[in-house]
2 protein chains.
Amino acid sequence: MGTDSAPEAELEGAIQAARAGYAEVLLVGPQDRLSRELVQRKAQGLPIEIIHASKAVSMGDKATKVLRQRRDYSICVTASLVHEGKADGMISAGNTGAVMAFTKHELGALEGVDRPAIAQVFPTSKGTAAVLLDVGANVDCKPHHLVEFAVMGETYYRVIFGVERPRVGLLSIGQEEHKGNELTREALPLLKQLPLNYIGNVEGRDLYNGRVEVIVCDGFIGNVALKISEGLIEAVSSLLREAFTSTLSSKVGYMLARKALQGFKKRVDYSEYGGAPLLGVKGVCIICHGGSNPTAIKNAIRVAAEFSDGKVNEKIERDLAAASLGNPKGIESSGH
Amino acid sequence: MGTDSAPEAELEGAIQAARAGYAEVLLVGPQDRLSRELVQRKAQGLPIEIIHASKAVSMGDKATKVLRQRRDYSICVTASLVHEGKADGMISAGNTGAVMAFTKHELGALEGVDRPAIAQVFPTSKGTAAVLLDVGANVDCKPHHLVEFAVMGETYYRVIFGVERPRVGLLSIGQEEHKGNELTREALPLLKQLPLNYIGNVEGRDLYNGRVEVIVCDGFIGNVALKISEGLIEAVSSLLREAFTSTLSSKVGYMLARKALQGFKKRVDYSEYGGAPLLGVKGVCIICHGGSNPTAIKNAIRVAAEFSDGKVNEKIERDLAAASLGNPKGIESSGH
């Protein structure tokens, strides 16, 4: 029930995913309405089941109220399906803060994880993908949190994108080791010790040039980075649209180049990657943008299935243990 | 001597600025070479004077060595011209860290300024400009530094862009007051007390949508924001180029839309704004990108002249005093 066009995008995305055989889908929301919509869309034969939840969390809802009435709210019902093993993973395009809070509360954290983090996939100009984390689950991080993010992000990238030794970088303001703020300078020696393909400091521009696959940063900075990217893409699209419609000649030019430009759009389009996983919780949780279209929802379902089938969480726990990160406090004190 | 194509871009930019009547230009660098180049460019009649400096700071130079031999280095000679009142302002496209360090050392800070900051102008989709500061002069800022940035940025915007009450925002991860990190939450009540058009928290996307004119943030975040923008613009340009050259039809389409697309390019092009001023030093210092072209240098000279003529520094000192910020330590202790 979370997208701006709920439940349209969710329904269409679920139907497309079910048709593609990505997964059996449990749709959580108002039973009557969803049943009716499925019938209208002639989707009765598909492996889609409806789980009733009468309410959706709105911006005005207080967390305490939602927790008290958790059986009514779709996000809590969805998370409990995962917790009880009735679902292998969950997807939500609702308010990110709410999804995160209730999911963490319901599922708990993986062994060795102090701070679950949201990992956002960015398309690069090389045609590869780069993962940035954390993009908003944790502000004011400590150095050992960035270490957790590095291990979780690397594991996720390895499994989902099938790259054996993804490069891991620390988001900073220069490649030289002394450049950065207090947090990055303290995190750097800890990251160096990890059994990962750690390449040192990377800069903002490396998000898009394919130089690195996994980039770690504090959740405040990651969220600013994400929203700046979204804002710039919006601004560029709107200016391009203006340019193409400004003259007769440019309109004809657009018609001729349209097919190629659609390819361009597809390459910068986040929705191809589905949503952003909340890494570090006991279960699979993919958070989608509120503006998600059916394609984004469909792809999020695919990613959730791959996440579950690829046993990302088991591997994260193993990798954290291998990096001797069973006890984050131990790391922090040895790192200083 | 600082651009990637030095002294080409500097010479051409200086000639264009002198021709446009923006300023009398003092070119600082190797006398023989610059004289020869000016003659080749038939620029002898223009108000351009050469001031000799045999060396340019390179990446490998140590600060202590440069300071010891400061009479030889173009950046130090340039800054001392400003300090001695022989120049009204300076422009450099050299290594930002070096420009900043030697300029601050040579000129000192304005009354009431604890931390000079670099202000970068961004084009918005509305056709207006937004100024973000600090974009790299200060990492690990304290709340009262953001207050200084707000006052300096607002004054700069008012004078250079001729907007009477520019809107000032604090870069954060949500518009609600409780959203943000420790720094933004502590800075917020201080910013609210200023006699400015302060509109509260803004998000990354607001850099480009014209909702706000002056945005303040820690220099680490500002630098990441700047480089992400640069990286994304590069990626988008390269993908667009690929799209347009991918088929015969798209090539013809590009030809037809070219003029309109050049208008688009001009609107997203930073070089139209000249460089980024280092606000808060006793003098006018405009820092240009290493990749600056002659247009960027020309515009930086224009901005430096406007900065000087508009008495931005006098106004900054007055505005800081009016905001009772004569003593930043006083602010900090009252704010906690």
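Predicted model, so just to flag it, every value in this text is computed and none were measured. Letters A, B, ... mirror the listed sequences (proteins, then strands); counts begin at 1.
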Practice task
Look up atom CD in E203(B) and atom NZ in K227(A), then write down how far apart they are to the nearest 0.5 Å.
Solution key: 3.5 Å
Exercise for the section: Decide if atom NZ of K65(B) counts as having more than 12 heavy atoms of other residues, nucleotides or ligands within a radius under 6.0 Å. Expected result: yes
Problem - chain B interface, residue from D140(A), N209(A), V139(A), N223(A) that has the most non-hydrogen pairs under 4.5 Å - result: D140(A)
Handout entry: chain A contact via I221(B) - side chain, backbone, both or neither, heavy atoms under 4.5 Å
Key = side chain
Handout entry: Interface moiety of R185(A) toward chain B, non-hydrogen atoms closer than 4.5 Å
Key = side chain
Practice task
Would you please go through residues 237-244 of chain A and name the residues with a non-hydrogen atom below 4.5 Å from one of chain B, in numerical order?
Solution key: S238(A), L239(A), L240(A), E242(A), A243(A), F244(A)
Practice task
State, with a plain yes or no, whether a side-chain heavy atom of F220(B) is found less than 4.5 Å away from one of T184(A).
Solution key: yes
Practice task
Pick one of side chain, backbone, both or neither for N181(B), based on which atoms fall under 4.5 Å of a heavy atom in chain A.
Solution key: both
Exercise for the section: Considering only heavy atoms and a distance below 4.5 Å, find which of G204(A), A257(A), G231(A) pairs most often with chain B. Expected result: G204(A)
Problem - Top contributor to chain B interface from V252(A), L171(A), T124(A) [non-hydrogen pairs under 4.5 Å] - result: L171(A)
Completion exercise
Ranking S172(A), G219(A), S246(A) by heavy-atom pairs under 4.5 Å to chain B gives rank one to S172(A)
Handout entry: Candidate pair Y208(A) and I228(B), rule side chain to side chain contact (heavy atoms under 4.5 Å, CB included), full reasoning
Key = CA-CA 8 Å; Y208(A) 292 102; I228(B) 281 181; 4.2 Å; yes
Handout entry: Flag side-chain contact, heavy atom, 4.5 Å: L256(B) against S250(A)
Key = no
Fill in the blank from the handout: Interface check, chain A: of L248(B), V224(B), D218(B), most non-hydrogen pairs under 4.5 Å belong to V224(B)
Exercise for the section: Look at atom NZ of K192(B) and say whether more than 12 heavy atoms of other residues, nucleotides or ligands are closer to it than 6.0 Å. Expected result: no
